[in-house]
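Following: one structure in structure tokens, then a few remarks.
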Amino acid sequence: MNIDLPTQYNPQSVEKPIYEKWLASKAFHAVPDARTNRFSCVIPPPNVTGALHLGHAINGTIQDILTRYHRMKGDNTLWMPGIDHAGIATQAVVEKTIFEKEKKSRHDLGREELVRRIWEWKEQFGARILNQLASIGSSCDWDRTRFTLDDICARAVREAFFKMFKDGLIFRGKRLVNWDAQLQTAVADDEIYHETVKGQMTSIKYPVDGSPDEYLIVATTRPETMLGDTAVAVHPDDPRYTHLHGKFVILPLVGRRIPVICDGLLVDPKFGTGVVKVTPAHDPNDYATGVRHNLEQINLLTPDGKVNENGQGEFLGQKYSYVGLKFATAARKQVLGDLETLGLIAETKVHEHEVGHSDRSKTPIEPYLSDQWFVRMGDLVDAAEPPKGGTPNVGSSAFRRSSEEGITLANGKRAPGLAQAAMDAVTDGRVKITPERYAKSYLDWLGQKRDWCISRQLWWGHRIPVWSREVLSSKESGADSAPVKWEQEFHWKNKIAVQRMGGVEYVCLADSARFDPPNEYAETVRKLVHDGYTQDPDVLDTWFSSALWPISTMGWPANGTSEKADDQLLPYFYPTSLLSTAREILTLWVARMVMFGLYCHGDVPFKDVYIHAVIQDGEGRPMKKSLGNGVDPVDIVASHGADALRFTLASMATETQDIRMPVVKDQKTGVNTSPKFDLGRNFANKIWNASRYVLSNVDEKQEAGIKNQEVTALEDRWILSRLNSTIQAVHDSINHYRFADLAEALRSFFWTDLCDWYLEIAKARIKAGDSVVQSILLHCLETTLKLLHPVMPFITEEIWSKLPNRESMLITAAFPVVDAGRIDTAAESQIALIQSVTSAIREIQNRYPAAKGKDVVLQPRDANVQGTIEKSRSIIEPLAGVRIAENSLGATKPENAATAVLPEVQVYIGGVIDKAVEMPKLQKRRDELTKLATSQRNKLGNEAAIAKVPAAVVQGWRDQLTKYEEELAAIEKNLQELGA
RNA sequence: GGGCGAUUAGCUCAGUUGGUUAGAGCGCAUGCAUGACACGCAUGAGGUCACAGGUUCGAAUCCUGUAUCGCCCACCA
């Protein structure tokens with residue numbers, strides 16, 4: 001064929017047009033049809049503010065490999081794409097931008113305006129990361145792209161919230177949140193970073209009530225929190241304090257009389273003085289202690305981080321007040337000063353400790369007691385039983401349920417609770433996690449059954465669909481002391497649910513789609529507002545909508561009830577086949593999807609979970625912006641091409657939890673890169689050139705199919721055998737998520753077997769225009785392009801389009817299946833012999849440049865070997881560039897011959913020897929063999945031991961020993977001839 | 001503190017239930033402009049499998065311990 005291709009593959013000119021061809025062909029778009037073989041997965045939706053990083057790239061590569069593989073196999077294949085609104089992260093980014101440009105805070109703009117601006121921002125930048133995913137070749141069904149805040153997802157969120165509210169799985173509770181006093185918002189745990197701060201540990205003397213001059217000494221790094229102490233705790237078994245059990249101390253500065261309590265969980269008697277101050281409202285451990293002992297919780301903070309009216313009192317006849325002072329700074333100073341004056345400071349030590357800081361405002365966070373919404377994770381049983389895992393949430397531990405235990409899943413089955421339902425799905429194998437060890441993290445985390453705080457004090461997100469009104473003052477209802485009680489529930493036409501908790505009535509509205517006529521929803525809201533109800537200002541934790549992602553993107557709660565194709569997605573593609581993600585969100589996300597899938601829709605969201613490794617830099621550090629050690633996949637696409645990026649990432653995707661990627665700065669561009677990507681680029685280039693060679697040497701009308709009778713030549717039988725082994729390996733490695741094995745199988749077949757050996761062997765026939773070789777070449781090329789396509793889609797599609805008689809696209813071509821009849825072990829062992837003889841000759845030629853072109857004498861071990869070699873002269877001779885002068889059992893060694901001793905044959909090239917080179921080499925080999933043979937003999941000589949070893953293994957050892965001995969004898973002979 | 005993982009060639013990693021002389025790519029060394037490819041071809045040199053014990057006829061592989069590194073979770077008043 002007359003073909004005009006550049007000698008180097010240029011991904012930049014190929015990738016874009018190819019991608020557009022795929023889009024135009026609608027190959028990515030999945031529509032439910034009659035097929036029962038299906039493959040589906042949902043993308044872990046990237047953050048809308050995000051940019052592609054290597055984590056996305058490796059995960060995208062993995063998902064795309066599977067998606068393309070299944071599509072080619074003929075499965076109805078859906079890869080559902082989308083973006084996450086990412087609550088706080090997005091709001092913070094936009095707020096920051098607005099502040100930088102306009103010097104306005106969100107309070108200046110107001111809620112509506114800020115949300116409008118974030119949407120505007122989303123419209124402008126939201127598609128960036130999806131475009132970047134497309135640039136690495138991701139074959140997502142872009143027509144179905146979802147956003148966690150779009151109407152379809154919002155409907156699912158409100159539906160799920162309503163259902164849980166109605167079932168008593170959502171409740172109001174107090175909880176310590178991480179309070180960012182600067183932004184005046186609660187901050188999620190994972191948005192906190194810790195910084196080591198040099199602080200001091202102060203020991204304070206608390207006078208014992210009714211025992212003059214006796215003090216309990218407590219140590220603290222947060223002296224200002226003492227204003228909120230409601231107890232001091234000692235260990236119940238600590239003999240030093242037994243006499244104080246049941247006694248009280250007087251809280252300095254405040255004058256409050258607080259009890260000495262015994263608590264074995266909080267107090268470590270060996271630490272410090274063995275006495276701990278207890279501040280339930282400002283410390284998580286103390287909070288849990290407070291719940292255990294029914295202690296008063298005194299909040300000292302105003303939302304902007306100052307001391308509130310609780311921060312005052314009277315001690316020893318003197319009034320003290322800290323109201324209005326900044327809590328952790330001014331108030332602390334003042335408290336310490338006053339204690340000093342009173343002589344109540346026993347000791348001050350420098351103490352380094354970790355202080356949580358808000359990632360957004362970079363200011364220290366404060367534990368802050370506030371009302372929040374929770375999803376109940378634990379088993380629903382009578383509250384007389386203590387909650388599992390000692391969860392400290394008020395609402396949880398006091399939750400009562402009078403009628404029945406457990407919850408009902410959407411399939412009608414019962415489960416003890418949400419967490420347990422999700423645990424069972426993994427323990428009984430409905431969800432399989434790969435690598436298996438991660439199942440343990442999943443189960444451990446869920447096993448704690450900690451209630452999930454789902455409210456966030458933000459404006460960007462799904463607003464909580466609850467309106468509330470106080471029906472009794474908290475005093476009247478006794479809410480402060482009595483456990484929160486679930487009083488009442490009713491629904492009205494299944495769209496309104498009401499709960500009363502702590503004297504407040506909460507009205508939850510279902511999604512507006514449930515209301516009829518359409519304006520009934522707005523009408524209901526208007527009525528609620530008129531009656532004095534206000535909508536909860538908070539929004540839901542981002543993970544709430546993420547937890548619904550597999551069902552919401554497929555249209556839940558619509559479930560095949562209408563004829564519309566989109567309503568058929570859920571029954572057709574759910575449960576999805578696979579979820580591929582990073583281990584860090586196994587709990588936050590994966591566990592919650594399983595819960596919600598079971599609870600809302602009655603089935604697990606995916607059958608398989610694959611956890612990919614995390615890419616680190618060459619020193620084993622995580623890639624971080626602050627370290628400047630990150631590699632940007634977009635840069636790699638520009639420098640090496642998307643296929644090179646994908647191939648390299650696949651080849652690094654082993655089952656370990658971390659993979660290291662040495663990072664270097666590119667001298668020309670100043671951009672971070674890694675020599676690892678050269679591997680992919682070089683391979684792409686190899687594919688390009690081999691294809692170029694094949695295409696320029698086949699007839700335009702050449703058919704790729706092979707007819708049985710044509711395949712007679714050894715090398716032809718061999719390459720087809722290798723090809724079919726490779727097909728098998730490709731199926732196996734993809735199905736077991738072994739992507740590094742996949743890449744290696746592809747590389748070694750294409751590069752070593754096909755290019756280095758087959759093409760070289762076949763060159764003479766190729767030049768001669770042999771049509772059998774042409775059809776085999778085409779067959780191999782066509783098949784390997786298919787095998788390679790899932791990993792390297794662009795270059796393979798491009799070459800595919802150059803094949804003769806090619807009209808359809810590779811992306812939808814049928815994936816190769818193994819033809820077991822082509823596996824030919826005889827051909828494989830014969831070619832292996834040819835390869836080792838050829839290499840041996842080349843080795844001699846390398847050792848003795850003078851040997852080049854000189855005749856070779858071969859002395860085979862037996863007639864069998866002799867015959868194989870004899871038949872393969874025409875292969876060996878051109879490959880090694882020699883003439884085989886003799887090949888016989890009785891061959892005599894030429895004068896001054898250089899020697900290569902193989903197990904099957906001795907290779908001689910005469911007239912070139914240099915004793916100084918030859919002797920040490922032979923001696924070294926002799927010593928090696930002597931050692932090996934001796935140990936082998938010893939092994940076989942131990943008769944008592946041999947009796948226990950399987951006969952086949954023993955026979956293997958004997959054969960091995962024979963080989964050693966034969967080779968050793970040959971070496972000895974050669975040494976003798978050299979006069980050693 | 002709890003859990004998980006890693007430690008194999010200079011580097012990055014394979015090594016599937018214990019059983020031929022532990023492999024690959026990169027890098028290195030030597031040679032090569034050979035009608036596909038120098039992003040290439042050929043050849044070679046590199047390993048006490050972290051350390052110490054144990055089980056076994058036999059251990060990179062199983063067990064125990066130690067060291068170093070990393071991750072996740074919980075946190076030291």
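Just so we're on the same page: letters track the sequence lines, and every chain starts at 1.
Within 4.0 Å (heavy atoms only), A/A690 reaches at least one base atom of the nucleic acid. Across all strands shown, A/W688 has no heavy atoms under 4.0 Å from either base or sugar-phosphate atoms. Residue A/S839 is classed as a sugar-phosphate contact, given heavy-atom separations below 4.0 Å to backbone atoms only. Counting any heavy atom pair closer than 4.0 Å across all strands shown, A/G618 reaches sugar-phosphate atoms only and no base atom. Nucleic acid contact class of A/K963 (heavy atoms, under 4.0 Å, all strands): none. Within 4.0 Å (heavy atoms only), A/R681 reaches at least one base atom of the nucleic acid. In this structure, A/E584 reaches neither bases nor backbone, as no heavy-atom distance under 4.0 Å exists between it and the strands shown. A/E744 comes within contact range of the sugar-phosphate backbone alone, with a heavy-atom separation under 4.0 Å but no base atom that close. Within 4.0 Å (heavy atoms only), A/K921 reaches no atom of the nucleic acid at all. Residue A/D678 is out of contact with every strand shown, counting any heavy-atom pair closer than 4.0 Å. Using a 4.0 Å heavy-atom criterion, one finds that A/R925 contacts the bases of the nucleic acid, with or without backbone contacts as well. No engagement by A/D286 is indicated, since no non-hydrogen atom pair under 4.0 Å with the nucleic acid exists. Among the protein residues, A/S441 comes within range of no part of the nucleic acid, since none of its heavy atoms lies under 4.0 Å from any strand.
Per the geometry, CZ belonging to A/F739 stands 20 Å off C1' belonging to B/A24, to the nearest Å. Rounded to whole Å, the distance from CG on A/N735 to P on B/U16 is 20 Å. Between A/I841 atom CD1 and B/G44 atom C1' the separation is 17 Å, expressed in whole Å. Atom CD1 of A/I585 is separated from atom C1' of B/C71 by 15 Å (rounded to the nearest Å). When rounded to the nearest whole Å, the span between OH of A/Y287 and P of B/C75 equals 14 Å. Atom CD1 in A/I766 sits about 12 Å away from atom C1' in B/G35, given to the nearest Å. A/R747 has its CZ atom 6 Å from the C1' atom of B/G25, to the nearest Å. Atom-to-atom, OH of A/Y758 to P of B/C41 comes out at 19 Å; the value is rounded to the nearest Å.
Closest approach to the A/W957 side chain among B/G19, B/G3, B/U21 is made by B/G19 (side chain taken as heavy atoms from C-beta onward). Here B/A45 is the nucleotide among B/A45, B/G70, B/C37 with the atom lying nearest to any side-chain atom of A/K924. Across B/A36, B/G5, B/A42, the shortest atom-to-atom separation from the side chain of A/N846 is found for B/A42. Picking from B/G3, B/A36, B/G46 the nucleotide with the shortest atom distance to the side chain of A/Y693 gives B/A36. Out of B/G15, B/A36, B/U43, the shortest distance to the side chain of A/L759 is found at B/A36. Closest to the side chain of A/L932, out of B/C69, B/C39, B/U21, is B/U21. In the set B/A36, B/G70, B/U43, B/G70 carries the atom at the smallest distance from any side-chain atom of A/Q616. Of all nucleotides listed (B/G25, B/C4, B/A14), B/A14 comes nearest to the side chain of A/R738. The listed nucleotides are B/U43, B/G25, B/U12; the one nearest the side chain of A/L679 is B/G25.
Here A/D658 pairs with A/R583 in a salt bridge; the nearest charged N to carboxylate O distance falls below 4.0 Å. Comment: A/R925 engages A/E928 in a salt bridge, judged by a side-chain N to carboxylate O separation of less than 4.0 angstrom.
In this structure, B/C41 forms a base pair with B/G31, meeting either the Watson-Crick or the G-U wobble geometry with both donor-acceptor distances under 3.5 Å. Using Watson-Crick or G-U wobble geometry with both donor-acceptor distances under 3.5 Å, B/C62 finds its partner in B/G54. Of the nucleotides present, B/G70 is the one that pairs with B/C4 by Watson-Crick or G-U wobble criteria, both distances under 3.5 Å. Shown here, B/U17 forms no base pair; nothing in the strands shown gives a Watson-Crick or G-U wobble contact with both key distances under 3.5 Å.
Checking the phosphate oxygens (OP1, OP2) of B/U43, no side-chain nitrogen or oxygen of A/T838 falls inside 4.0 Å. The phosphate of B/C72 (OP1 or OP2) has no side-chain N or O of A/R583 nearer than 4.0 angstrom. Taking 4.0 angstrom as the limit, A/T654 places a side-chain polar atom (N or O) nearer than this to OP1 or OP2 of B/A14. Look at A/W751 and you won't find any side-chain N or O under 4.0 angstrom from OP1 or OP2 of B/A24. At B/C41, one or more side-chain N or O atoms of A/K686 fall inside 4.0 Å of OP1 or OP2 (strictly under the cut-off). Contact between the side-chain N/O atoms of A/Y964 and the OP1/OP2 oxygens of B/U21 is found at a separation under 4.0 Å. At least one side-chain nitrogen or oxygen of A/N682 sits closer than 4.0 Å to the OP1 or OP2 atom of B/G40.
Comparing the C1' positions of B/U17 and B/C72 gives an interatomic distance of 29 Å, to the nearest angstrom. The gap from the P atom of B/C13 to that of B/G65 amounts to 27 Å, rounded to the nearest Å. B/A67 and B/A52: their P atoms are spaced 15 Å apart (whole Å). When the C1' atom is used for both B/A22 and B/A60, the distance is 8 Å, rounded to whole Å. B/G23 sits 14 Å from B/U16 when the P atoms are compared, rounded to a whole Å. Atom name P, nucleotides B/G15 and B/A24: the rounded distance is 15 Å, in whole Å. B/C51 sits 14 Å from B/G10 when the P atoms are compared, rounded to a whole Å. B/C39 and B/G58 have their C1' atoms separated by 46 Å, with the value rounded to a whole Å.
Glycosidic conformation of B/G65 is anti; the angle lies outside 90° of 0.
The aromatic rings of A/W751 and A/F683 lie parallel to each other, their planes meeting at an angle below 30°, with 60° marking the opposite boundary.
Position along RNA chain B of the nearest nucleotide to A/R437 versus A/I659 favours A/R437 as the more 5'-ward residue. Of the residues near RNA chain B, A/K852 and A/R847, the one whose nearest nucleotide (by heavy atom distance) lies more toward the 5' end is A/K852.
Looking at A/K277 and A/T225, their side chains do bring a donor and an acceptor atom within 3.5 Å of each other. Counted by atom type alone, A/D927 and A/Q923 present zero donor-acceptor pairs between their side chains at under 3.5 Å.
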What do the steps show when you test A/E655 against A/R437 for salt bridge (charged side-chain N to carboxylate O under 4.0 Å, His left out), and what is the final call? CA-CA 11 Å; A/E655 285 208 353; A/R437 67 187 120 92; 5.5 Å; no
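By the 4.5 Å heavy-atom criterion applied to side chains, A/R738 and A/D732 are not counted as neighbours.
When every heavy atom of A/A740 is checked against every heavy atom of A/T654, the shortest pair comes out as CB-CG2, 3.7 Å. The minimum heavy-atom distance linking A/V275 with A/I217 is given by the pair CB-O, 3.6 Å.
A donor N or O paired with an acceptor N or O is found under 3.5 Å between the base of B/C39 and the side-chain atoms of A/Q8.
Counting non-hydrogen atoms of other residues, nucleotides and ligands closer than 6.0 Å to CD of A/Q12 gives a total above 12.
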